[in-house]
Amino acid sequence: AQSVAQPEDQVNVAEGNPLTVKCTYSVSGNPYLFWYVQYPNRGLQFLLKYITGDNLVKGSYGFEAEFNKSQTSFHLKKPSALVSDSALYFCAVRDIDDYKLSFGAGTTVTVRA
Amino acid sequence: GAGVSQSPSNKVTEKGKDVELRCDPISGHTALYWYRQSLGQGLEFLIYFQGNSAPDKSGLPSDRFSAERTGGSVSTLTIQRTQQEDSAVYLCASSADGTYGYTFGSGTRLTVV
């Protein structure tokens with residue numbers, strides 16, 4: 001079985017400050033990890049993924065995430081948040097031997113000017 | 001096409017009526033997924049198609065839900081005798097081979113009144 005936990009329903013930061021959205025996962029084997037963003041009334045947009053290799057993954061719009069196997073975490077980060085980053089963020093995981101993506105409940109990010 | 005196309009974008013239906021939701025995946029993508037996003041919830045896996053293999057229907061919530069994929073391309077999700085709890089955004093995604101990540105459509109917002 002596989003699962004994802006996003007412990008924070010909401011994250012609020014001021015523009016220009018660092019942004020972190022937390023994600024922990026559980027899989028029986030090795031994970032593929034993903035972050036998606038959803039803007040109001042829109043579908044999910046891919047941000048970044050970890051498949052293998054460097055633990056620090058860089059993605060779209062200045063976002064990055066660090067894979068930590070010992071802590072089973074894949075936190076999303078951005079050094080300097082923008083108001084336009086305000087959206088709903090989903091972490092997702094799949095076992096390399098499976099094909100289903102399991103999603104977390106989502107974290108609403110609000111960046112205030 | 002350039003992306004995953006879903007229609008209609010919005011659907012309001014009366015309780016007890018049947019509805020059909022359509023997904024047109026990216027051309028050449030062999031894997032197709034349906035997810036459901038209820039208000040304040042994460043994404044719930046419904047069904048998965050991979051090429052000509054039998055679909056994985058393990059996520060369908062009841063026998064009122066069914067899906068088919070014709071010619072390995074367009075998919076239709078059918079909900080019979082709709083109930084108010086079926087109100088949600090239904091998201092379709094496709095993938096080149098079922099590995100790595102997925103490209104999502106903008107979804108169909110279903111409201112059962």
Side-chain angles (χ1 to χ4, degrees), chain A residues 1-10 21-27 29-53 57 59-60 63 65 74 87-108, chain B residues 1-10 21 23-26 29-51 53-60 88-111:
Chain A
Q2 56 192 35
S3 64
V4 177
Q6 293 181 243
E8 300 159 316
D9 292 336
Q10 292 196 19
V21 186
K22 296 180 181 178
C23 170
T24 59
Y25 67 89
S26 174
V27 295
N30 291 317
Y32 291 159
L33 293 154
F34 306 85
W35 276 100
Y36 285 85
V37 60
Q38 186 178 38
Y39 297 100
N41 300 315
R42 303 283 296 275
L44 272 69
Q45 295 180 29
F46 170 79
L47 278 180
L48 51 79
K49 66 185 179 187
Y50 170 82
I51 303 299
T52 187
V57 178
S60 305
F63 284 95
F74 190 57
L88 179 59
Y89 291 80
F90 288 99
C91 182
V93 69
R94 55 160 287 195
D95 191 295
I96 60 172
D97 294 326
D98 203 342
Y99 49 77
K100 286 185 287 191
L101 266 183
S102 295
F103 286 84
T107 299
T108 299
Chain B
V4 177
S5 178
Q6 291 188 246
S7 61
S9 55
N10 282 284
L21 313 180
C23 173
D24 198 344
I26 292 174
H29 278 193
T30 59
L32 187 148
Y33 306 76
W34 284 96
Y35 284 84
R36 178 169 69 174
Q37 183 179 19
S38 301
L39 186 63
Q41 303 290 318
L43 274 74
E44 174 188 7
F45 167 80
L46 297 178
I47 189 168
Y48 161 72
F49 296 90
Q50 173 60 54
S53 301
D56 179 348
K57 305 179 181 180
S58 61
L60 295 178
V89 176
Y90 289 82
L91 291 165
C92 176
S94 70
S95 179
D97 60 1
T99 60
Y100 295 82
Y102 310 73
T103 301
F104 281 84
S106 297
T108 294
R109 182 176 298 277
L110 175 66
T111 303

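Numbers restart at 1 for each chain; the letters A, B, ... are given by sequence-line order, proteins then strands. Worth knowing before you read on, the calculation uses all heavy atoms, side chains too, and leaves out hydrogens, waters and symmetry mates.
Ring geometry, A:Tyr99 versus B:Tyr48: the interplanar angle falls under 30°, so the pair is classed parallel (tilted spans 30 to 60°).
Contact annotation for B:Thr108: neither backbone nor side-chain heavy atoms come within less than 4.5 Å of a heavy atom of chain A. The contact between B:Leu91 and chain A is made entirely by side chain atoms (from C-beta outward), counting heavy-atom distances below 4.5 Å. With a 4.5 Å cut-off on non-hydrogen atoms, A:Gln6 does not touch chain B at all.
When the ring pair (Phe, Tyr, Trp, His ring centres under 6.0 Å) test is applied to A:Tyr89, the partners found at least two apart in sequence or on another chain are A:Phe63.
More than 12 heavy atoms of other shown residues, nucleotides or ligands fall within 6.0 angstrom of atom NZ in A:Lys100.
Judged as a salt bridge (Lys or Arg N to Asp or Glu O under 4.0 Å), the pairs with a partner in residues 41-50 of chain B (not counting sequence neighbours) are, in order, B:Arg36-B:Glu44.
Between chain B and the residues A:Leu44, A:Asp9, A:Ile96, A:Thr108, the most heavy-atom pairs under 4.5 angstrom are made by A:Leu44.
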Query raised in the report: Please walk me through it: do A:Leu101 and B:Tyr33 pass side-chain contact (heavy atoms from CB on, under 4.5 Å)?
Result: CA-CA 10 Å; A:Leu101 266 183; B:Tyr33 306 76; over 6 Å; no
Query - Stepwise side-chain contact (heavy atoms from CB on, under 4.5 Å) test for B:Gln37 and A:Leu88 - result: CA-CA 12 Å; B:Gln37 183 179 19; A:Leu88 179 59; 4.0 Å; yes
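Side-chain atoms of A:Tyr36 never come within 3.5 Å of backbone atoms of B:Phe104 as a donor-acceptor pair (strictly under, hydrogens ignored).
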